[in-house]
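Throughout, protein chains are lettered first and strands after them, A, B, ... in sequence-line order, and every chain is numbered starting at 1.
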Protein chains: 2
Amino acid sequence: MAVGAIRPGGRTARVRAAVLKAAGDALVEHGFDRLDLADVARRAEVGKTTVYRRWGTAAGLVTDLLADMAEQSLPRADTGSLIGDLRANARLVQRTLVDSRQGALFRAVIVAATCDLRAADALHRFYAVRIAEWAPCVEQAVRRGELPPDTDAAEVIRAVSAPLYYRLLVSGDPIDEAMADRAAEAAAAAAHAGVFTQTSGPD
Amino acid sequence: MAVGAIRPGGRTARVRAAVLKAAGDALVEHGFDRLDLADVARRAEVGKTTVYRRWGTAAGLVTDLLADMAEQSLPRADTGSLIGDLRANARLVQRTLVDSRQGALFRAVIVAATCDLRAADALHRFYAVRIAEWAPCVEQAVRRGELPPDTDAAEVIRAVSAPLYYRLLVSGDPIDEAMADRAAEAAAAAAHAGVFTQTSGPD
DNA sequence: CCGCTAAGGGAACTGGGGTTTCGTTAGCGC
DNA sequence: GCGCTAACGAAACCCCAGTTCCCTTAGCGG
């Protein structure tokens with residue numbers, strides 16, 4: 001049985017909150033690779049034994065942090081048009097990745113996911129939830145007749161985020177609002193052209 | 001002056017080749033976070049002092065490995081049509097990322113880039129070269145009249161790769177040939193729609 | 001082929017990240 | 001509010017990644 005599952009109230013919850021906060025701070029300052037659990041314990045004003053007992057490794061700590069982040073997701077937009085909704089989504093992601101704290105945090109959890117299977121699971125579930133949250137934008141557009149009937153909604157949402165994450169992690173090119181808008185427009189154009197229909201693309 | 005710059009021949013070159021090979025093997029097996037320089041030295045049958053002296057850190061070693069990988073880049077395709085060239089590019093990237101050795105290696109260098117500024121520089125230059133290699137496909141399509149005159153060629157190429165890397169690093173969704181084709185088609189559709197023109201998108 | 005010294009290698013050393021031990025605090029059922 | 005024990009925490013401990021020391025090998029200019 002996991003530590004903290006039997007008496008989850010009071011001190012246990014306070015310790016968890018303090019440690020996750022401290023872990024976030026440490027990740028933003030040093031990044032995942034230099035995350036020192038003893039340092040996290042010091043910041044949280046908690047015994048380092050506690051951190052090692054409850055979370056074990058840096059990856060375990062990040063996994064729990066991600067579970068915590070997953071609970072506060074922002075609601076999707078509903079502007080009335082596909083391009084409006086996709087732009088809203090792209091700009092939300094853009095602002096998140098550019099924000100110095102949030103951006104560093106996302107880089108850290110993505111790195112953690114490449115190092116640890118549980119962290120990877122948590123990350124994939126995190127994004128599955130986010131994508132599912134925004135998919136109705138596309139489904140509404142289908143119902144309005146803006147898009148082909150069997151358009152894969154999740155695929156369209158993924159297509160909006162992909163260029164932003166590609167720049168963050170791979171190419172290092174700047175991530176500004178104009179490029180977020182282009183990402184939204186590109187996804188919309190491809191969806192209109194029927195590229196994201198579930199059976200097959202147009203011939 | 002860097003070690004190995006004064007007598008770059010013979011033993012120095014042999015040691016570098018052996019160490020980079022061993023580093024690649026170790027990265028594929030354990031990933032960047034568990035890269036142990038002493039282990040690399042053992043695999044390369046080289047003194048661990050040598051590895052620490054010449055490369056210093058895991059990030060430094062990966063940076064050099066990336067410089068080595070940059071030298072063998074595959075030539076771009078020339079199928080005669082934009083969609084053909086983009087599909088070839090998407091499938092090349094797809095095969096690379098799915099390949100157990102290459103995929104692990106790319107994940108590792110991307111992780112290294114998030115930890116170390118020099119590694120990040122090396123990675124960004126690596127992708128800038130790859131993108132520049134494939135940009136002429138788009139420029140030819142412009143000349144053929146397939147695309148608007150002021151299409152940003154690099155942006156189109158990036159749009160092809162982005163969904164593949166997004167799945168590799170972020171969402172964890174499968175990366176098969178069909179999805180590579182969709183990525184190519186989506187980029188082509190957006191480019192046709194004028195989303196990637198340098199002045200501004202269509203109104 | 002000789003000498004200078006760049007580069008490599010074995011071995012001992014060290015510091016701090018992670019573990020173990022055991023005593024203390026406080027959540028929660030009654 | 002009482003008692004049981006889950007959970008926390010201080011300190012001693014251990015192990016190994018990374019460093020230092022110093023000797024050996026071999027590239028390369030002459």
Side-chain angles (χ1 to χ4, degrees), chain A residues 1-23 25-27 29-64 68 108 111-112 115-116 118-119, chain B residues 1-23 25-27 29-64 68 108 111-112 115-116 118-119:
Chain A
M1 183 66 96
V3 187
I6 295 171
R7 288 179 185 173
R11 183 168 58 167
T12 300
R14 278 199 305 280
V15 166
R16 176 167 183 253
V19 168
L20 292 187
K21 171 75 167 56
D25 294 347
L27 281 176
E29 277 181 41
H30 308 305
F32 178 73
D33 59 313
R34 285 177 202 163
L35 185 62
D36 175 11
L37 298 212
D39 176 52
V40 171
R42 234 173 291 126
R43 288 166 186 258
E45 295 179 310
V46 152
K48 77 168 177 170
T49 318
T50 299
V51 177
Y52 281 107
R53 188 169 27 227
R54 279 188 67 175
W55 291 278
T57 64
L61 188 50
V62 171
T63 303
D64 196 28
D68 192 61
V111 167
C115 304
D116 181 270
R118 290 172 186 283
Chain B
M1 182 66 95
V3 187
I6 296 172
R7 287 181 186 172
R11 182 168 61 166
T12 301
R14 277 199 306 279
V15 166
R16 176 166 183 255
V19 168
L20 292 187
K21 171 75 167 55
D25 293 347
L27 281 176
E29 276 182 42
H30 308 306
F32 177 73
D33 58 314
R34 286 178 203 163
L35 185 62
D36 176 9
L37 299 212
D39 176 51
V40 171
R42 233 173 293 126
R43 289 166 187 258
E45 295 179 310
V46 151
K48 75 168 178 171
T49 319
T50 299
V51 177
Y52 280 107
R53 188 171 27 228
R54 280 187 67 174
W55 292 278
T57 64
L61 187 50
V62 170
T63 303
D64 196 28
D68 192 62
V111 167
C115 304
D116 181 90
R118 290 173 187 282

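Remark: A:Tyr52 is in phosphate contact with C:dG18, judged by side-chain N or O atoms under 4.0 Å from OP1 or OP2. Residue A:Thr49 places no side-chain N or O under 4.0 Å from the OP1 or OP2 atom of D:dC8. The side chain of B:Thr50 contributes an N or O atom lying less than 4.0 Å from OP1 or OP2 of C:dG9.
When the nucleotides D:dA17, D:dC8, C:dG8 are ranked by their closest atom to the side chain of B:Arg11, C:dG8 comes out on top.
Taking 3.5 Å as the limit, the base of C:dG18 and the side chain of A:Lys48 contain a donor-acceptor pair of atoms between them. Between the base of D:dG9 and the side chain of A:Arg53 there is a donor-acceptor pair shorter than 3.5 Å.
Nucleic acid contact for B:Arg54: sugar-phosphate only, since backbone atoms but no base atoms lie under 4.0 Å from a heavy atom of the residue. Among the heavy atoms of the strands lying under 4.0 Å from A:Arg14 are primed sugar atoms or P, OP1, OP2 only; no base atom is included.
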Next on the checklist: Does A:Asp64 form a side-chain contact (heavy atoms from CB on, under 4.5 Å) with A:Val19? I'd like the steps, not just the answer.
Outcome noted: CA-CA 10 Å; A:Asp64 196 28; A:Val19 168; over 6 Å; no

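Of the possible polar contacts, none joining the B:Arg118 side chain to the B:Ala59 backbone as a donor-acceptor pair under 3.5 Å is found.
The CZ atom of A:Arg42 sits 11 Å away from the C1' atom of C:dG17 (whole-angstrom rounding).
For the side-chain contact (heavy atoms from CB on, under 4.5 Å) with B:Val40, the lone residue among B:Leu35, B:Val46, B:Leu27 that qualifies is B:Leu35.
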